[in-house]
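Taking it in order: structure first as structure tokens, then the write-up.
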Amino acid sequence: MAKQFRKKVLSREDDEDETAQNRKEKERGVKRQPTSPHEANDDDDDGSESEQERLCDQREREQLDRNIRERDAAATRKLSEQKEAFATRRSNIVGDVETLRKVSRQEYLKKREANKLKELGESIEDGEYLYKGVKLTEVEYNRLSYEKKIYELATKHEAATHHDQYYRIPEPYDDHEGGVNQEKRFSVALQRCWDDDLNGRDKKSNQFAEQKAWEDQQIGKATLKFGSKNKRRKCDEEYDFVFEDQIEFVKKSVLLEGDQMIANGNVDVGKVQPSHQLDKLREERKTLPIYAFRERLLQDVEKNQVLIIVGETGSGKTTQIPQYLHEAGYTKGGKKIGCTQPRRIAAMSVAARVSQEMGVKLGHAVGYSIRFEDCTSEKTVLKYMTDGMLLREFLVEPDLASYSVVMVDEAHERTLSTDVLLGLLKDIARYRPDLKLIISSATLDAEKFSDFFDSAKILRIPGRRYPVDIHYMEAPQADYLDAAIVAALQVHVTQPPGDILVFLTGQEEIETAEEIFKHRTRGLGTKISELIICPIYANLPTELQAKIFEPTPEGARKVVLATNIAETSLTIDGIKYVIDPGFSKMKSYNPRSGMESLQVTPISKASSMQRAGRAGRTGHGKCFRLYTSYNYDSDLDDSTVPEVQRTNLANVVLTLKSLGIHDLVNFEFMDPPPCEALLKALELLFALGALNKVGELTKVGRRMAEFPVDPMLSKMIVASDKYKCSDEVISIAAMLSTGSSIFYRPKDKQVHADTARLRFHSGNVGDHIALLKVYNAWKEANYSTQWCYENYIQVRSMKRARDIRDQLERLLERVEIKLSSSNDLEAIKKAVTSGFFPHCSRLQKNGSYRTIKHPHTAHIHPSSGIMALEHHVLPRCVLYHELVLTTKEYMRQVTEIKPEWLVEIAPHYYQLNGVVEEDYSTSKKMPRGKGRTSTSKQIPNLVDYSICV
DNA sequence: CAGCTCCGC
């Protein structure tokens, strides 16, 4: 499209009419003499000689240059005129949208879809052009696109000049005395987030006991594993090889235009001597890079409905922009300004900071809203929240009427909810011209966001970052883990003080690396200064996580071994060196089989930049990439595949449907997910009874959408009403949605842990009921942490489950389901089955299982209670919670069911040959015998099933 | 007998 566009602009002569005529002639097939080499090239099809080509090329380039010069001259001369013309044109288009607004949403979408192809320059047969549904002549079209181009150029130019003119680096406010201390900020956030002190349900002493226990376990784990692991990595007698076996690095590039910025930054801004803390904070606000852009920002927001902000880290955009807008009066008339964050901690800490700056109490004028914790009141005008939370608010208030501005922060991270949110916001912006949108993104993606929002204006704000040197390896290395360790030690020996951050892929790898490190440094003794190893990953107990924030003692150096948690979620001060092996674990989803897998994949360029940037938070840093610069250029993708494209969309689809968005294929995702994934989701929702045949939301679906859990879980909850066991079912749902890290199994106490776990499986009840038993037992033990430790259960997961359960219980009331308890295990299992009937598999002769819906072999995960029983008999028919691909295809959380239940509960699914097949291939009734033979290969559901019974 | 990148509602 871009090429086409360019060509059109360039080939445009001063006299548009002539061009138009030429084109018309061409269309009629009239051959005419080429008037310029450029055009000649266009018309001549025969392959010309290279000499000729070269000449042609040169002439063409000259012509091109001339064209560009002319255009630029014209552009400068007529800039104001053009702008005006553009504005009128724009208002015409807006006018047209106005009429469209009166049309229903469906009709509008249909119309838009029809125009989509023709938008921006696809001509239709009779030579007419359409732009946003407005019919234009070619001349008009050309002028419009030309104007648009110039307008864009002008804006970019403006942004660029302003950048140089106004920018100056102030002191970083975080380091300022009395300012926010990162460490404190984090630890406070952590406590509120995970430790649950606020609820006060736990005794302090218990907590300490447990912490101690955890710590001991962790240490025990590490030392025990030590012996076996180091055999594999034979490094016993090679202490000195740190100095021999060096990796050659090439310094290739310097990240960012940082040098200049920092050079400016050393200018003393002048010490502020405030008498009052608030004054001081106010002064600090003025030192942020964004302060210089305040007026421009406000103007831009006023003039444009959508504004893209490119604010680098440290520009202060998240804290300042909402405040500026508030000061400018966007909160008058009871309207709110919303700002979304992808993470809970970010939402909380930013809100805290802003309330401090404004001198108000958190939760009054400034508040935050995250799951389990709504810290807002009726007076709140600046509301920070997680993006998922705003998504839920859409359900209550589909047009977001109470907001005057919505700011989507960190949009470049492209989380699932951000993507859905962007689509929705774009949609409602059409109906609400008064709603302002601000999208903040990273440099690389700004254009893309701008395109998505119909060429929205981009405002660039410089950040406060230090330069980072990037070193590549000279030759690729086979074992990146080994290379990472060698590189870290090399940095330690050769580089000046500063902590090291090593990115690894997962817990196991980190643990291995930790041992190797300890082993290698032990023998070096006093040859090198002390090296402190700090592992960090999400599953690590909180107290141990806190270790990374402890300041490094004098003379020592800290090595942080992190998963990609350190890429975005937390920042560690003092990091000067980053070692980036270039891998991370990523989840992918195969919509056809419904299988998720977690695999180590190369990272993208964007995330390698992000990793490198981690070295430049507090000073000039260095990043060592354990791949060559050739690898970087040719093997890495530009950006990570957005989450929408690699995840199960059932939940998203349900949310969208309950928002009245019917036509999902035309829903504007920035990067549309594969159609298969959408279909799969629709199919599932239809099977669950959330949608009817036409794809409309049913009453069941409406109730399901209320619960913030996966559709199958919410179906199970809704169905529990019928079986009078909602009390038990929500416990199971809560336990299932915490993830699979309920049971704790330290390597040194495996037997104990297993026997402890087996207790919950007594009677071979299945994993679902076992989870219920765990929860109930914990409840009876008065939510004791001690109890968890005794039973080898992760407290953190249990607390989470409790929170989720509480929330689900509150929501039951809203969908008019009575809380009822039952001892009938069969009833509970049936309720579970009504949500999970699509996840069933049948035992085969060879001992493996085959999923009933799509033929797919799978195995019971060894962590399941069924496998743990001593003389276990494999059940004939099981229901599973999820299918994961690791070394094999495994079913996790498995419960035996009776095949009869399937027909009883989901006759539509198991009597007919599946949902899709029914729709597409076997819509007419088939004689029984015939149907059997013809369909048994692809659709074994009924056939196999009947044999099974 | 195997494994838990990471967020979020």
Side-chain angles (χ1 to χ4, degrees), chain A residues 193 340-347 369-374 385-395 410 413-421 503-511 536-540 562-570 583-588 596-601 603 607 640 643 646-647 651-652 654-655 704-711 713-714 733-734 737-747 750 754 794 796-797 800 803-804 807-808 811 847-848 859-864 866-870 872 874 882 884-892:
Chain A
C193 194
T340 70
Q341 295 290 325
R343 274 170 297 279
R344 298 159 52 95
I345 295 183
S369 171
I370 55 178
R371 191 185 187 180
F372 309 130
E373 211 179 326
D374 186 3
M385 56 188 130
T386 47
D387 42 20
M389 207 63 199
L390 186 60
L391 215 52
R392 305 283 330 168
E393 279 190 24
F394 260 100
L395 290 175
E410 316 280 356
E413 280 188 30
R414 307 293 306 279
T415 64
L416 186 57
S417 11
T418 311
D419 268 15
V420 178
L421 207 55
F503 283 99
L504 297 173
T505 60
Q507 176 177 347
E508 202 187 339
E509 205 172 280
I510 288 176
E511 281 166 2
I536 175 96
Y537 43 87
N539 250 351
L540 195 74
T563 58
N564 43 13
I565 192 174
E567 205 173 293
T568 48
S569 306
L570 55 89
F583 291 96
S584 72
K585 277 194 187 174
M586 203 165 62
K587 198 172 75 178
S588 58
E596 287 183 337
S597 54
L598 194 64
Q599 275 156 343
V600 175
T601 41
I603 58 172
S607 82
T640 316
E643 205 183 346
R646 49 182 175 88
T647 193
N651 210 359
V652 171
L654 183 61
T655 316
M704 280 165 62
E706 288 292 324
F707 296 98
V709 289
D710 281 343
L713 288 171
S714 56
S737 61
T738 49
S740 50
S741 51
I742 301 273
F743 296 102
Y744 176 68
R745 194 163 178 259
K747 282 261 186 321
Q750 280 180 6
D754 286 347
Q794 302 235 35
R796 225 199 303 171
S797 310
R800 223 183 117 66
D803 284 338
I804 297 172
Q807 192 186 25
L808 293 178
L811 288 170
S848 69
H859 305 261
I860 296 182
H861 198 282
S863 69
S864 163
I866 294 177
M867 305 302 277
L869 292 174
E870 200 139 319
H872 63 260
L874 291 176
E882 59 180 353
V884 286
L885 175 71
T886 49
T887 50
K888 267 198 241 168
E889 286 149 357
Y890 284 109
M891 300 177 284
R892 263 202 223 143

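Chain letters run A, B, ... following the sequence lines, proteins first, then strands; residues in each count from 1.
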Output the rounded distance in Å from [atom1] ([X]) to [atom2] ([N]).
X      : N     : atom1 : atom2 : result
A:R646 : B:dC6 : CZ    : P     : 13 Å
A:L654 : B:dC9 : CG    : C1'   : 12 Å
A:L421 : B:dG8 : CG    : C1'   : 12 Å
A:L395 : B:dC9 : CG    : C1'   : 10 Å
A:E508 : B:dC4 : CD    : P     : 10 Å
A:K587 : B:dT5 : NZ    : P     : 13 Å

When you measure from the side chain of [X], which nucleotide among [options] comes out closest?
X      : options             : value
A:P862 : B:dC4, B:dC1, B:dC9 : B:dC1
A:R343 : B:dT5, B:dG3, B:dC7 : B:dC7
A:K585 : B:dC6, B:dT5, B:dC9 : B:dT5

| task | List in chain and number order the residues that pass side chain to side chain contact (heavy atoms under 4.5 Å, CB included) with A:T340, two or more places apart in sequence or in another chain; answer none if no residue qualifies. | result |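 A:T340 satisfies side chain to side chain contact (heavy atoms under 4.5 Å, CB included) with A:M385, A:D387, A:L390, A:V408, A:L421 once adjacent residues are dropped.
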Base, sugar-phosphate, or nothing: which does [X] touch, judged by heavy atoms less than 4.0 Å apart?
X      : value
A:I370 : sugar-phosphate
A:T505 : sugar-phosphate
A:V600 : nothing
A:F707 : nothing
A:K888 : nothing
A:S417 : nothing

| field | Note: A:E413-A:R343 ion pair, threshold 4.0 Å (strictly below) | value | yes
Please check the phosphate of [N] (OP1 and OP2 only) for any side-chain N or O of [X] closer than 4.0 Å.
X      : N     : result
A:S569 : B:dC6 : no
A:T887 : B:dG3 : yes
A:T386 : B:dC7 : no
A:R344 : B:dC9 : yes

| field | Main-chain N/O of A:R414 paired to A:T418 side chain as donor or acceptor, under 3.5 Å | value |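 Checking the backbone N and O of A:R414 against the side chain of A:T418, no donor-acceptor pair under 3.5 Å is found.
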| query | Can any side-chain N or O of A:R344 pair as donor or acceptor with the backbone N or O of A:R371 at less than 3.5 Å? | reply | yes
| request: Determine, stepwise, if the pair A:E410 / A:Q341 fulfils side chain to side chain contact (heavy atoms under 4.5 Å, CB included). | output: CA-CA 7 Å; A:E410 316 280 356; A:Q341 295 290 325; 4.0 Å; yes
| Which residue lies more 5' along DNA chain B, comparing A:Q807 with A:I536 via nearest heavy atoms |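 It is A:I536 whose nearest nucleotide is closer to the 5' end.
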| said: Judged by each residue's nearest nucleotide on DNA chain B, which is more toward the 5′ side, A:M586 or A:I804? | reply: A:M586
| said: So, using ring-ring contact (aromatic ring centres under 6.0 Å, His included) as the criterion, who are the partners of A:F583 when residues are at least two apart? | reply: A:Y480
